[in-house]
Protein chains: 2
Amino acid sequence: MALDNPTSQAAVTTADKVFEQMLHDIVEGNIQAGSKISEPELAKKFQISRSTLREALNRLEKCHLIERKANVGSRVVECSISGLLEIYIVREALEGMACRQAAQNMTDIEISEMRAMLKQHATAKALRDGIAYYQEEGDLDFHYKVILGSHNQQLINILCGQLYHLVRMYRCQFGMNSPRATKAFDEHSRIIEAIADRDGELAEMLMRRHIAASRKNIENKIAQQQ
Amino acid sequence: MALDNPTSQAAVTTADKVFEQMLHDIVEGNIQAGSKISEPELAKKFQISRSTLREALNRLEKCHLIERKANVGSRVVECSISGLLEIYIVREALEGMACRQAAQNMTDIEISEMRAMLKQHATAKALRDGIAYYQEEGDLDFHYKVILGSHNQQLINILCGQLYHLVRMYRCQFGMNSPRATKAFDEHSRIIEAIADRDGELAEMLMRRHIAASRKNIENKIAQQQ
DNA sequence: AATTCATTTATTGTCGACAATTAGTGGTTT
DNA sequence: AAACCACTAATTGTCGACAATAAATGAATT
């Protein structure tokens, strides 16, 4: 067995790299939401053939970041308020369940790692009063860890593999740094305690409320603007 | 605007047709679960180029029916008991939420259509004592209608677009026709009533129990076998 | 002037061939 | 005999070109 890859990490093809670059560009808004994707143009930009580009586009489509119509072409998805709320609904259901499963399936080591992470976030937060930091990176870290802790491959695939890129895209496009940072932190720590107590029912309920609170926060904002 | 397509249905490419054929073959088990997919072999079988075949494979991958590794190739997914249970967990969460949303968003017309469907299933069931029929087709119909009734595009995409092919595959591979047919029918009708009452909370709870009951039914079967 | 239709242009879908990587084979060494 | 290595064969990734479809342009008609 000849391993070209001593660290046994999966091979990375050209299409992979282009995918990651475009993923970044779309999430950050460098490629505008709703814009049409020209295959010849992008292939030229990346100095690759259209076949390779289309391979990358297929992966973006898997993440629901672009939409393709036969014989017509691809467009970057639009970011609408209703679309954002739809995602929150899905997250409430899926992450709630992930949290219940995490309470059941996480190892003690994983739990202590989560506690350590939260503690580190707390100090970072106090130090820099880094609301923005905590809101963006810390929040995602926390949710990721819970999802992985479910040990349910389907949940992990759907949430981490596809939905979370969309979540990140919305955060960037709408510039979301709500005043919920400190409140969110408390909610996170209560969720971890429920997981540590192996109380799946409570853990699910807390996670659902946590996500629903974010959603309602947005709904209220929208209502005020009108 | 020149429409070649008077019925305004989306164009169907060669890759689409190959995808649908392979989807059928994998779900029905004609292409064995866990088996390796040889691109040259399949391309020859379908009389198409590898590019077109790979386009079809990409769509199968989106449905989580095959798994690809760079520079290695594709395999049909394995059907394991643990994998089946994982899907039930996801369905419990997502269809539960879909049901809640359906109670909120379904039109009165959609609701009466669902009632009509259930009534028709009831007569079909009585007529033919068609347990198998109801279990397979009727059950899927019911769940589909609820999901669509949520009017949440993300939920619809995930459940109808990708997860349900896997569900069908497992049903075929494991030959699932449980003795829950009549019980399931009653549960379905209670769920519809909750939706008609616009009681989202109850509707979600009933749907979750409905799916959880199926899961536990399987878990018990497995436990007995050991 | 607006609409319709035919023509042209551009984009997407599909093809076959080559390059890069992996899997398989046989020989060599300990 | 088992493990290692070089070599061959097969498979996957990538490329450029052609065919099929959709969009854009402009001329003709009402």
Side-chain angles (χ1 to χ4, degrees), chain A residues 1-23 26 31-32 34-77, chain B residues 1-23 26 31-32 34-77:
Chain A
M1 144 172 153
L3 264 187
D4 248 25
N5 224 333
T7 55
S8 89
Q9 54 192 347
V12 173
T13 129
T14 310
D16 283 321
K17 292 181 216 159
V18 173
F19 161 70
E20 297 226 12
Q21 180 63 48
M22 289 191 68
L23 173 64
I26 290 176
I31 301 179
Q32 197 170 10
S35 63
K36 172 131 178 35
I37 287 179
S38 161
E39 293 184 6
E41 183 186 322
L42 275 176
K44 197 172 122 197
K45 174 181 162 190
F46 285 113
Q47 307 263 43
I48 57 175
S49 76
R50 271 182 56 227
S51 314
T52 309
L53 178 72
R54 281 161 70 86
E55 184 68 38
L57 293 183
N58 268 315
R59 284 175 223 185
L60 291 171
E61 198 186 1
K62 270 199 292 197
C63 305
H64 300 264
L65 289 176
I66 71 172
E67 288 166 349
R68 286 175 70 190
K69 272 189 208 159
N71 289 320
V72 174
S74 316
R75 302 195 82 89
V76 180
V77 294
Chain B
M1 145 170 154
L3 263 189
D4 248 24
N5 224 332
T7 54
S8 89
Q9 56 192 349
V12 173
T13 106
T14 309
D16 283 322
K17 292 182 216 158
V18 173
F19 161 70
E20 296 227 12
Q21 179 64 48
M22 289 192 68
L23 173 63
I26 290 177
I31 300 179
Q32 197 170 9
S35 63
K36 173 134 176 33
I37 287 179
S38 162
E39 292 184 6
E41 184 187 322
L42 274 177
K44 199 172 121 197
K45 173 183 162 189
F46 285 113
Q47 308 263 42
I48 58 176
S49 76
R50 271 183 55 228
S51 314
T52 311
L53 178 71
R54 282 161 70 86
E55 184 68 38
L57 293 183
N58 268 315
R59 282 172 225 188
L60 290 170
E61 198 186 2
K62 270 200 292 197
C63 304
H64 299 265
L65 289 176
I66 70 173
E67 287 166 348
R68 286 174 72 189
K69 271 189 209 162
N71 289 320
V72 175
S74 315
R75 304 194 82 89
V76 180
V77 295

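Proteins get letters first, then strands, A, B, ... in listed order; numbering begins at 1 in each.
Listed nucleotides: D:dT21, C:dA23, D:dT14. Nearest to the side chain of B:Val72: C:dA23. Across C:dT22, D:dT14, C:dG13, the shortest atom-to-atom separation from the side chain of A:Ala70 is found for C:dG13.
In this structure, the CZ atom of A:Arg59 is 10 Å from the C1' atom of D:dG13, given to the nearest Å. As a whole-Å value, the separation of A:Lys69 NZ from C:dT12 P is 13 Å. Look at CG on A:Asn58: it is 13 Å from C1' on C:dT12, rounded to the nearest Å. Between A:Arg68 atom CZ and D:dT21 atom P there is a gap of 17 Å when expressed in whole angstrom units. Between B:Glu39 atom CD and C:dA17 atom P there is a gap of 17 Å when expressed in whole angstrom units. Nucleotide C:dA19 holds its C1' atom 12 Å from the CG atom of B:Asn71, rounded to whole Å. In this structure, B:Lys44 places its NZ atom 20 Å from C1' of C:dT14, rounding to the nearest Å. Atom NZ of A:Lys17 and atom P of D:dG13 are 14 Å apart (whole Å).
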What do the steps show when you test B:Arg59 against B:Glu55 for salt bridge (charged side-chain N to carboxylate O under 4.0 Å, His left out), and what is the final call?
CA-CA 7 Å; B:Arg59 282 172 225 188; B:Glu55 184 68 38; 3.1 Å; yes

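Near-neighbour residues of DNA chain C inside residues 46-56 of chain A, defined by a heavy atom below 4.0 Å, number-ordered: A:Arg50, A:Arg54.
Under the side-chain contact (heavy atoms from CB on, under 4.5 Å) test applied with B:Leu23, the options B:Val18, B:Leu65, B:Ile31 reduce to a single match, B:Leu65.
Residues passing the side chain to side chain contact (heavy atoms under 4.5 Å, CB included) test with A:Ser51, sequence neighbours excluded: A:Ser49.
Residue contacts for A:Leu57: at a heavy-atom cut-off of 4.0 Å it reaches no nucleic acid atom on any strand shown.
Considering only heavy atoms from C-beta on, B:Arg54 stays 4.5 Å or farther from A:Arg54 through its side chain. In this structure the side chain of B:Glu61 never reaches within 4.5 angstrom of the side chain of A:Asn58, judged on heavy atoms. Using a 4.5 Å heavy-atom threshold, the side chains of B:Glu41 and B:Lys36 count as separate.
Phosphate proximity of D:dG13 to A:Thr13: absent, as no side-chain N or O sits under 4.0 Å from OP1 or OP2. A sub-4.0 Å separation between OP1 or OP2 of D:dT12 and a side-chain N or O of B:Lys36 is present.
Side chain of B:Arg75 to backbone of B:Gly34: a donor-acceptor contact under 3.5 angstrom is found.
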